Amino acid sequence: MPTRKRNIPARSGEISSSSESFPIRMLTAVPVCDGHDSAVTTINLELSRAGIEVIYLGYHRTARDIVRAAIQEDVAVVGISSYNGGHVEFFRDVITLLRDSGAGHIGVLGGGGGTISVADARVMRRYGVDRIFLPGESLQAIVDFVCEHNGGKSRRGVSKRLATGNPDLALARRLTLAENNGRSVGSPRSHALRVIGITGPGGAGKTTLIDELVFRALQRNPIARIGILSHDPSIVGNGAMLGDRAAMIYAQDDRVFMRSLGTRGQAGGMAAETSACLAILRATAFDLLFVETVGIGQEALPFESDVFNRRVLVMSCDYGSRLQLQKIAMLDVADIVVLNKLDLSAASAARAEIAQRLEAGGRNQQLICATAKHHDDSGVNELFEAIA
Ligand code: B12
């Protein structure tokens, strides 16, 4: 697995001489007013198979969205796929914003098929783009460049900014340290925030639901800060495609701090270092913290620690027969069960079956029916009131 070696700050503001290896983290995105996402999707897959942890932000993203995410995810490099023109200005905006935010150490590269000419690529290189890949260059060449250059920029100078500069950058670096070494540096006490665990099988709509809850939380309290710790599976023995950000709209906000974690071989819904990361986030001044698991199976019980104020299981009607419901362990411990995708035809039967299953358990759990993809859905409103 290609890894990066870099200095690790031993304490906020310091750099140790340790040179442990861990996966390269890279953010990829498509600019605003551009829906050409098939090239970047292919490239994401190749990068993650090569051992890189790719955080995919999706398409139609502003320079500010890209820079905010790159800082929060503590990536080494940003890759932009740009086909609809305006690339000379757009890449420049990203580089300027990164530098202005104290994150000039993050590299920037990309491509754009028939749109970015050789002459444009030369101009972009002059103002700081590490590399523009042109049509015909192989995916392996992209992988090799990212691995060789670690994003093309050194990490020097980052420690100074940890002490004085951008707080998101410092928090992101502490999370990296915790994720790589299990050390939760600089988290002496926890704030009285609410921690909500959201789990459920893959495709049940967990990410969309969290995004809608974030929207309501931002609306309800104009100064609230919200944290999201989101898990996606790593490819066995390889990198990861961390794609939850691509499904988020409202979480692209300066008052939201989101971090994506690959499971790096850990089964059960979260990563080995999740608790170390959680300790850091709980010591940060967030009002609400969401923890999203990977898509779980029947036996998973991901929220066993007592830091969770509410454990929410999100399901759709896709669970199979009534008998299958008996086997889902989370149905016994969730505080709230959300039956999502109420617009599907099988939903009313599922509602009755799940209600019966919960009643038989006798734990007085709440069942909420929702269609998270609908704006202002009454079920999501009910869930928000229940957790907030
Ligand atoms: C496929 C395609 C589409 C598909 C997109 C499907 C999708 N979901 O992505 C569809 C048919 C939907 C489409 C729609 C449109 N398209 Co179109 N599309 C293309 C096309 C033919 C190929 C792009 C592609 O995916 N190539 C595959 C990639 C893998 O190959 P590559 O580009 O050579 O990739 C290399 C490098 O660029 C680099 N690279 C690329 N991205 C990245 C990212 C990273 C991180 C890195 C490291 C490297 C890298 O890596 C590769 C190395 O080999 C291009 C033509 C072209 N030659 O670029 C037009 C093109 C981009 N489209 C064009 C247009 C105009 C449109 C539409 C506006 C058409 C319309 N009127 O509706 C819409 C806009 C859609 C939107 N919402 O933005 C124009 C843009 C013109 C411009 N900018 O001035 C082009 C150039 C066609 C043309 N000659 O007119 N399009």
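We count ligands from 1, going down the list as the structure has it; atoms in each ligand are counted the same way. What you see is a predicted model, and the numbers here were worked out from it, not measured in a lab.
Remark: the Gln72 side chain and the Arg245 side chain contain an N/O donor-acceptor pair separated by less than 3.5 Å. Counting only N and O atoms by type, the side chains of Asp130 and His149 include no donor and acceptor under 3.5 Å apart. Looking at His36 and Asn84, their side chains do bring a donor and an acceptor atom within 3.5 Å of each other. Side-chain atoms of Glu53 and Ser48 form no donor-acceptor pair, as typed in the model, at a separation below 3.5 Å. Between the side chains of His231 and Thr274, at least one donor N or O lies within less than 3.5 Å of an accepting N or O. Of the N and O atoms on the side chains of Asn44 and Thr28, at least one donor lies less than 3.5 Å from an acceptor on the other residue. Side-chain contact, Glu273 with Gln266: no donor N or O sits under 3.5 Å from an acceptor N or O. Between Gln140 and Asp144, the side chains place a donor N or O and an acceptor N or O closer than 3.5 Å (distance only, hydrogens not considered). Between the side chains of Gln356 and Arg322, at least one donor-acceptor pair of N or O atoms lies under 3.5 Å. With 3.5 Å as the limit, one finds a donor-acceptor pair spanning the side chains of Asp74 and Thr176.
Taking all heavy atoms of Tyr83, Phe133, Phe145, Tyr59 into account, the minimum distance to atom 34 (O) of ligand 1 is reached by Tyr83. Among Gly35, Ser82, Gly136, Ser138, the residue whose heavy atom lies closest to atom 76 (C) of ligand 1 is Gly35.
Salt-bridge annotation for Glu353 and Arg357: absent, with no side-chain N of the basic residue lying under 4.0 Å from a carboxylate O of the acidic one. The pair Arg68-Asp254 counts as a salt bridge, with a side-chain nitrogen and a carboxylate oxygen less than 4.0 angstrom apart. Ion pairing between a basic and an acidic side chain is recognised when a charged N comes within 4.0 Å of a carboxylate O; Glu179 and Arg264 show such pairing.
In terms of modelled atom types and a separation under 3.5 Å, the side chain of Arg255 and the main chain of Leu218 share a donor-acceptor contact. Here the side chain of Asp335 pairs a donor or acceptor atom with the backbone of Arg311 at under 3.5 angstrom.
Inside a 4.0 Å radius of atom 61 (C) of ligand 1 there is at least one protein heavy atom. Not a single protein heavy atom sits closer than 4.0 Å to atom 12 (C) of ligand 1. Under the 4.0 Å distance rule, the nearest protein heavy atom to atom 56 (C) of ligand 1 falls inside the cut-off. Note that atom 68 (C) of ligand 1 has no protein non-hydrogen atoms nearby, at separations under 4.0 angstrom. Contact annotation for atom 22 (C) of ligand 1: protein absent (non-hydrogen atoms, distance under 4.0 Å). Per-atom contact check: atom 85 (C) of ligand 1 does not touch the protein, criterion being a heavy-atom distance below 4.0 Å. There is a protein heavy atom less than 4.0 angstrom from atom 42 (C) of ligand 1. Under the 4.0 angstrom criterion, atom 9 (O) of ligand 1 counts as having a protein heavy-atom contact.
When heavy-atom distances to ligand 1 are checked against a 4.0 Å cut-off, Asn84 comes that close through both its backbone and its side chain. Residue Ile142 touches ligand 1 through its side chain alone, judged by heavy-atom distances below 4.0 Å.
For Arg131 and Phe133, the positive end sits near the middle of the six-membered ring, less than 6.0 Å away and at most 45° from its axis. A cation-pi contact, defined as under 6.0 Å to the ring centre and within 45° of the axis, links Arg92 to Tyr127.
Close contacts between ligand 1 and Ser81 involve ligand atoms 40 (C), 41 (N), 42 (C), 43 (C) [criterion: under 4.0 Å to a heavy atom]. Residue-ligand proximity, Ser38 to ligand 1, at heavy-atom distances under 4.0 Å covers atoms 7 (C), 8 (N), 9 (O), 25 (O). Which parts of ligand 1 touch Gly85 is read off a 4.0 Å heavy-atom cut-off, strictly below it: atoms 83 (N). Distances below 4.0 Å separate heavy atoms of Gly79 from the following atoms of ligand 1: 45 (C). Atoms of ligand 1 found under 4.0 Å from any heavy atom of Asp37, numbered from 1 in the order shown, are 7 (C), 8 (N), 9 (O). Less than 4.0 angstrom separates some heavy atom of Gly112 from each of these atoms of ligand 1: 37 (O), 40 (C). Residue contact check: Leu109 has heavy atoms under 4.0 Å from atoms 47 (C) of ligand 1. Close contacts of ligand 1 with Thr115, meaning ligand atoms under 4.0 Å from a residue heavy atom, involve 83 (N), 86 (C).
Atom 49 (C) of ligand 1 has Ile43 CD1, 3.3 Å as its closest protein atom, hydrogens excluded (heavy atom only). Nearest protein heavy-atom neighbour of atom 39 (N) of ligand 1: Gly111 CA, 3.5 Å. If you check which protein heavy atom lies closest to atom 37 (O) of ligand 1, you get Gly113 N, 2.8 Å. Among protein heavy atoms, atom 29 (C) of ligand 1 sits closest to Ala39 CB, 3.7 Å. The nearest protein atom to atom 53 (O) of ligand 1, hydrogens excluded, is given as Glu137 O, 2.4 Å; this is a heavy-atom distance. Atom 20 (C) of ligand 1 has His36 CD2, 4.9 Å as its closest protein atom, hydrogens excluded (heavy atom only). Ranking protein heavy atoms by distance to atom 58 (O) of ligand 1, first place goes to Gly114 N, 2.9 Å.
Geometrically, ligand 1 and Pro135 share no nitrogen or oxygen pair separated by less than 3.5 Å. Not a single N or O atom of Cys33, backbone or side chain, sits closer than 3.5 Å to an N or O atom of ligand 1.
Distances from ligand 1 to the non-hydrogen atoms of Val146 include no value under 4.0 Å.
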